[in-house]
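Working notes, beginning with the structure itself.
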Amino acid sequence: MATALGAPGASLTGVDLLRLGPGGALGPGHTDGLATAARVLIRDARADQLRALPDTPFIALSPIGGQGFLLGRGNQQLTPELLRAAGRERLLVLATEAKLAALAGHPLLLDTGDPALDDALAGHVRVITGRRSGAVYRLSV
């Protein structure tokens, strides 16, 4: 995913903190769905490093292939406190159309360790599937 954001060399399984350069933006209303000129600030970030950030970041997530977990498997660094601070509006879900199709209609799964947070995040979310393309998909516990 980081390569698609313009940051080659990011970790494949960890949580990386990226800084988007000029012309690179992600978030609500971003028409391309993908940014350019990103660089890795922290590779394989730990929860304490993420908590120490001066501002709440946007959190770009991609589901684990074949399992459908968006949160709670492989990204425990994203603590319930950080996710609450970010809020639903700062969660960016990225997945290819093929990855969504492989779910065969099953929802993307949430298991943050906090049932109230899982319930708050559940519902439908916009998924960025490519440049200028997206889908709406269900998040569930």
* Asked: Got a donor-acceptor contact below 3.5 angstrom from the N75 side chain to the G72 backbone?
  -> yes
* Is the backbone of H124 close enough, under 3.5 Å, to the side chain of R138 for a donor and an acceptor to pair up by distance? -> no
* Asked: Applying the side-chain hydrogen bond (donor to acceptor under 3.5 Å, both in side chains) test to R84, which of T79, T112, D114 qualifies?
  -> D114
[X] to [Y] - nearest heavy-atom pair and separation:
X	Y	value
R43	V40	N-CG1, 3.9 Å
A86	E89	O-OE2, 3.6 Å
L100	T129	CD1-CG2, 3.9 Å
L109	Q67	CD1-O, 3.9 Å
D44	D16	N-OD1, 2.9 Å
A60	L94	CB-CD1, 3.6 Å

Is any side-chain heavy atom of [X] closer than 4.5 Å to a side-chain heavy atom of [Y]?
X	Y	result
L70	V93	yes
L50	Q77	yes
L82	R51	no
F58	L91	no

From [atom1] ([X]) to [atom2] ([Y]), nearest 0.5 Å:
X	Y	atom1	atom2	value
S62	L92	OG	CG	12.0 Å
T96	I128	OG1	CD1	13.0 Å
L83	L78	CG	CG	5.5 Å
L139	L71	CG	CG	8.0 Å
R90	I59	CZ	CD1	8.5 Å
L108	S140	CG	OG	10.0 Å

* Please lay out, stage by stage, how L53 and D55 fare under the test side chain to side chain contact (heavy atoms under 4.5 Å, CB included). => CA-CA 6 Å; L53 295 173; D55 297 312; over 6 Å; no
